[in-house]
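Small disclaimer: the values here were computed from a predicted structure and weren't measured.
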Amino acid sequence: MSIDITRLGGRIGAEISGVDLRTPVDEVTAKEIHDALVEHKVLVFRGQHLDDEQHQRFASIFGPLTLAHPTVPSVDGQANVLEVAGAEGARANAWHTDVTFVVAPPKATTLRSLVIPPYGGDTLFANTAAAYTDLPEHLRVLADRLWAEHSNEYDYAEHPQFRSAEVEEYHKVFVSTRYRTAHPVVRVNPDSGQPNLFIGNFVTGIIGLSRTESRDILRLLQHYVTRPENTLRHKWQVGDIVVWDNRTTQHYAADDYGDLARKLHRVTVAGDVPVGTDGTKSYILEGDEATHYTPQVQ
């Protein structure tokens, strides 16, 4: 079997065809897909219509799976599957990298569509390695030396007056165990060797800097991440499955479909502890290694 790879953006994204993910993927094809993920950062598979078991089998070609989430319950009977179907006010409409508040965030995320609204609900992706490359030299030198605190409490507390009872309950579950982790602002992807900006919405501040200084520096760096040439917008169709390298991307789920139904299932692949450009590894500030979620902590 030989897959077809069609680039979707100048700097990020490719569509993969010529493979039926409802059946087991052979080792040669699995390596092709893995290599394509490292190169293109985001892979789109159209019209696959997988069930949960097939989804997990496919995701496992990238490595051992995590549980659904460190704090949020899984789909009934599927310990590795997380339902993504947030009500208004609980949607991931902020640029982020998945689960960076633990010391070993996922290597990759796979998301498949079950119910898609007739309009809206797209997911945007950004290439954080290209963003790092775009930085002027002086900013790269600065970013290389910075460390950031990531927390699962992030910005939930900023506008509590607007939270519905449903969102308030979700928040309580999300932070039922508090995690705070220090990660390098510039992380090196172990597969590609590329440095990239490892920030996003779970970041609460730059270690050693004030809130104001942190906010200004993060806003500046994030501007490079979300420059249009570094991004890809995916318009979902029922049956799609999208995979992204969680070590070298951010993503954003557009909250522009009101009270229409939108449901997807997510399976994540266990990752390792991030390493900065000087070889220093991330470390825990509060909480534990979350080995109940991912056994791959190194």
Side-chain angles (χ1 to χ4, degrees), residues 21 24-25 27 30-43 45 50 52-75 77-84 92 96-112 125 128-129 150-152 174 176-177 179-184 187-194 196 198 200 202 241-251 264-276 280-298:
L21 302 182
V25 176
E27 290 186 9
K31 186 179 186 305
E32 283 188 85
I33 293 172
H34 182 277
D35 291 348
L37 179 66
V38 174
E39 178 179 357
H40 298 289
K41 315 299 189 286
V42 178
L43 301 180
F45 299 79
L50 307 183
D52 284 332
E53 297 295 340
Q54 293 164 340
H55 184 174
Q56 292 170 81
R57 182 180 63 207
F58 166 63
S60 68
I61 73 172
F62 302 102
L65 304 183
T66 72
L67 292 183
H69 193 273
T71 57
V72 178
S74 67
V75 171
Q78 300 289 348
N80 305 114
V81 182
L82 181 73
E83 182 174 281
V84 178
H96 67 285
T97 299
D98 284 332
V99 201
T100 60
F101 47 84
V102 299
V103 74
K107 169 185 177 180
T109 299
T110 67
L111 191 64
R112 88 177 197 276
F125 300 93
T128 58
H150 297 235
S151 172
N152 57 333
F174 198 89
S176 55
T177 299
Y179 292 99
R180 293 171 54 242
T181 299
H183 290 302
R187 174 187 185 176
V188 178
N189 185 309
D191 284 328
S192 67
Q194 292 179 312
N196 68 95
F198 197 61
F202 289 118
I241 186 163
V242 176
V243 187
W244 59 91
D245 188 331
N246 197 56
R247 305 163 298 184
T248 318
T249 58
Q250 289 183 25
H251 58 283
L264 306 97
H265 279 187
R266 187 181 90 178
V267 176
T268 47
V269 180
D272 53 4
V273 178
V275 176
T280 305
K281 289 187 174 185
S282 301
Y283 56 92
I284 297 167
L285 297 170
E286 183 176 351
D288 54 31
E289 293 185 335
T291 53
H292 70 287
Y293 165 68
T294 174
Q296 295 303 107
V297 177
Q298 298 177 3

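Of all heavy-atom pairs spanning Val99 and Pro105, the tightest one is O-CB, 3.6 Å. Of all heavy-atom pairs between Pro70 and Tyr293, the closest is N-CD1, 3.5 Å. Closest of all the heavy-atom pairs between Gln250 and Gly200 is NE2-N, 3.6 Å. Heavy atoms only, all atoms of each residue included: Ala129 and Gln194 are closest at CB-OE1, 3.9 Å. Closest heavy-atom contact between Ala290 and Val102: CB-CG1, 4.0 Å. Shown here for Pro274 and Pro184, the closest heavy-atom pair between the two residues is CB-CD, 4.4 Å.
Neither side chain, His55 nor His265, offers a donor N or O lying under 3.5 Å from an acceptor on the other. A donor-acceptor contact closer than 3.5 angstrom links the side chains of Thr66 and Thr268.
Here the OG atom belonging to Ser74 is positioned 10.5 Å from the CD atom belonging to Glu83, to the nearest 0.5 angstrom. Interatomic distance, CG of Leu65 versus NZ of Lys107, reported as 11.0 Å (0.5 Å rounding). To the nearest 0.5 Å, the span separating CZ on Phe198 from OG1 on Thr128 amounts to 8.5 Å. For the atom pair CZ (Phe45) and OG1 (Thr110), the distance works out to 10.0 Å, reported to the nearest 0.5 Å. Between His34 atom NE2 and Leu43 atom CG the span is 10.5 Å, to the nearest 0.5 Å. Note: Leu37 CG to Ser192 OG = 10.5 Å, rounded to the nearest 0.5 Å.
With sequence neighbours left out, the salt bridge (Lys or Arg N to Asp or Glu O under 4.0 Å) criterion links Arg247 to Asp191, Asp245. A search for side chain to side chain donor-acceptor pair (under 3.5 Å) contacts involving Thr249 returns nothing, not counting sequence neighbours.
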- [ ] Go through the steps for Arg187 and Asp272 under the test salt bridge (Lys or Arg N to Asp or Glu O under 4.0 Å), then give the verdict.
- [x] CA-CA 12 Å; Arg187 174 187 185 176; Asp272 53 4; 3.1 Å; yes

Open item on the list: Please determine whether side-chain contact (heavy atoms from CB on, under 4.5 Å) holds for the pair Thr100 and Thr181, giving the CA-CA distance in whole Å, both sets of side-chain angles, and the decisive distance to 0.1 Å.
Closed with: CA-CA 8 Å; Thr100 60; Thr181 299; over 6 Å; no

TODO: Apply ring pair (Phe, Tyr, Trp, His ring centres under 6.0 Å) to Phe101 and His150, showing your working.
DONE: CA-CA 5 Å; Phe101 47 84; His150 297 235; 9.1 Å; no

TODO: Carefully, step by step, assess Thr97 and Phe202 under the rule side-chain contact (heavy atoms from CB on, under 4.5 Å).
DONE: CA-CA 8 Å; Thr97 299; Phe202 289 118; over 6 Å; no

TODO: Show the numbers, then the answer: is there a side-chain contact (heavy atoms from CB on, under 4.5 Å) between Phe58 and Val267?
DONE: CA-CA 10 Å; Phe58 166 63; Val267 176; over 6 Å; no

Open item on the list: Could you walk me through whether Leu82 and Val72 satisfy the side-chain contact (heavy atoms from CB on, under 4.5 Å) test, starting with their C-alpha distance in whole Å, then the side-chain angles of each, then the deciding distance to 0.1 Å, before giving a yes or no?
Closed with: CA-CA 8 Å; Leu82 181 73; Val72 178; 3.8 Å; yes

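Salt bridge status for Asp98 with Arg266: present, with a side-chain N to carboxylate O gap under 4.0 Å. Arg112 has a carboxylate O that lies under 4.0 Å from a charged side-chain N of Asp52, or vice versa, which qualifies the two as a salt bridge.
Between Val269 and Pro106, every side-chain heavy-atom pair lies at or beyond the 4.5 Å cut-off. Between Thr109 and Val243 the shortest side-chain heavy-atom distance does not fall below 4.5 Å. Counting only heavy atoms from C-beta outward, the side chains of Val103 and Tyr179 never approach each other to under 4.5 Å.
Taking the six-membered ring where tryptophan is involved, the planes of His96 and His251 are tilted, since the angle between them lies from 30° to 60°.
In summary, of the residues considered (Leu264, Leu21, Leu111), a side-chain contact (heavy atoms from CB on, under 4.5 Å) with Ile241 occurs for Leu21 alone.
Without hydrogens or angle criteria, His40 side chain to Val42 main chain gives no donor-acceptor distance under 3.5 Å. Judged purely by atom type and a 3.5 angstrom limit, Asn196 has no side-chain atom pairing as donor or acceptor with the backbone of Val188.
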